[in-house]
Amino acid sequence: MRPHSSNEHVVDPNVLVIHSYKGVDVLHIYQGRPLCSLQLSAHHSAHADINGDGVIDHVQAVVLNPGEVSTYDDSASCYGMAVPLVSGGRELFKHSICRATHWAETFVSTSRWLPGLNTYGRRRMNHSYSEPLEPVLIESIHHNAPIKLHVTQTAAQHESILYDSIFVLSSGRVTSLGPQGEFNWQVD
């Protein structure tokens, strides 16, 4: 939690915001009655407005072990997904986090294409038995603007802040997806 200044304090508070393992609850400070509640899943998930549409999104890593599905496929059984909390289940994205997902990575990591080109020393790993950790959400650098422009702008100058989702597996694979689910990078 970042340090804060005294000008961020509310002079006459009327609610108490409680963050617990179940989610967020807002209580009336004088009557103690609950005013509203937002239940958030804590299992391999994170919550934020990742695409800047004003709606909180549920970002989750899912890894189904081969015994849990009838036909195992990395792209269908090991993925990162984002769903708005209020839309009734409309997916923002669902993207593989176990399998190589970009043509350049596949080309470089496949020694049969050009044996001398595989300088990254990628390990051939079965990520199907990996355990996902909670996704990490970091502010996205807009890909259509130069980095210098992004660094010199303040948050107030942006229309909205977008977030990249970083998915980490216990096997060591780390995958970054952009605010709309676009592939950024992947490393072992």
Side-chain angles (χ1 to χ4, degrees), residues 1-4 8 16-27 34 36-69 72-102 105 109 120 122-143 150 155 158 160-188:
M1 192 163 139
R2 68 179 178 81
H4 62 276
E8 293 178 329
L16 178 64
V17 179
I18 301 169
H19 181 257
S20 68
Y21 70 96
K22 293 180 181 179
V24 178
D25 294 307
V26 179
L27 302 177
C36 64
S37 179
L38 177 62
Q39 292 189 351
L40 303 173
S41 169
H43 189 70
H44 308 306
S45 61
H47 300 87
D49 178 12
I50 63 171
N51 61 352
D53 64 355
V55 176
I56 297 174
D57 303 311
H58 172 83
V59 181
Q60 182 174 12
V62 177
V63 177
L64 302 174
N65 292 325
E68 297 178 43
V69 291
Y72 186 79
D73 174 21
D74 266 351
S75 60
S77 303
C78 179
Y79 55 88
M81 65 179 292
V83 180
L85 284 179
V86 296
S87 74
R90 180 185 53 89
E91 281 181 3
L92 291 176
F93 65 79
K94 181 177 178 181
H95 198 284
S96 174
I97 58 174
C98 284
R99 180 172 285 181
T101 55
H102 188 267
E105 179 199 3
S109 67
Y120 293 118
R122 302 276 287 183
R123 298 178 307 230
R124 296 274 180 200
M125 291 195 70
N126 181 3
H127 299 284
S128 60
Y129 288 100
S130 293
E131 182 70 22
L133 303 177
E134 290 181 13
V136 177
L137 305 176
I138 61 169
E139 188 174 338
S140 179
I141 294 178
H142 299 287
H143 300 289
H150 176 74
H158 291 290
S160 59
I161 297 174
L162 306 176
Y163 292 91
D164 289 344
S165 304
I166 311 296
F167 297 95
V168 181
L169 299 176
S170 61
S171 63
R173 177 150 284 184
V174 181
T175 305
S176 171
L177 302 178
Q180 303 298 328
E182 63 275 13
F183 177 83
N184 289 334
W185 51 264
Q186 189 174 66
V187 295
D188 281 340

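Since the model is a prediction, treat every value here as computed from it, not as a measurement.
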Backbone of Gly54 reached by a side-chain donor or acceptor of Asp49 within 3.5 Å = yes

When rounded to the nearest 0.5 angstrom, what is the spacing between [atom1] in [X] and [atom2] in [Y]?
X	Y	atom1	atom2	result
His19	Leu40	NE2	CG	6.5 Å
His58	Glu91	NE2	CD	11.0 Å
Asp164	Asn184	CG	CG	4.5 Å
Ile161	Glu139	CD1	CD	5.0 Å
Ser176	Ile97	OG	CD1	12.0 Å
Cys78	Arg173	SG	CZ	8.5 Å

Nearest heavy-atom pair of [X] and [Y]: which atoms, and what distance?
X	Y	answer
Pro84	Asp57	CA-OD1, 3.5 Å
His95	Gly181	CD2-O, 3.4 Å
Ser37	Asp25	OG-OD1, 2.6 Å
Ala46	Pro135	CB-O, 3.6 Å
Pro179	Asn51	O-CB, 3.9 Å

Results of side-chain contact (heavy atoms from CB on, under 4.5 Å) for [X] - residues two or more places apart only:
X	answer
Ala82	Ile50, Val59, Leu92, Phe93
Leu133	Val168
Val136	Ile138, Ile166

Heavy atoms of other groups near Leu27 CG, more than 12 under 6.0 Å | yes

What do the steps show when you test Leu169 against Phe167 for side chain to side chain contact (heavy atoms under 4.5 Å, CB included), and what is the final call?
-> CA-CA 7 Å; Leu169 299 176; Phe167 297 95; 6.0 Å; no

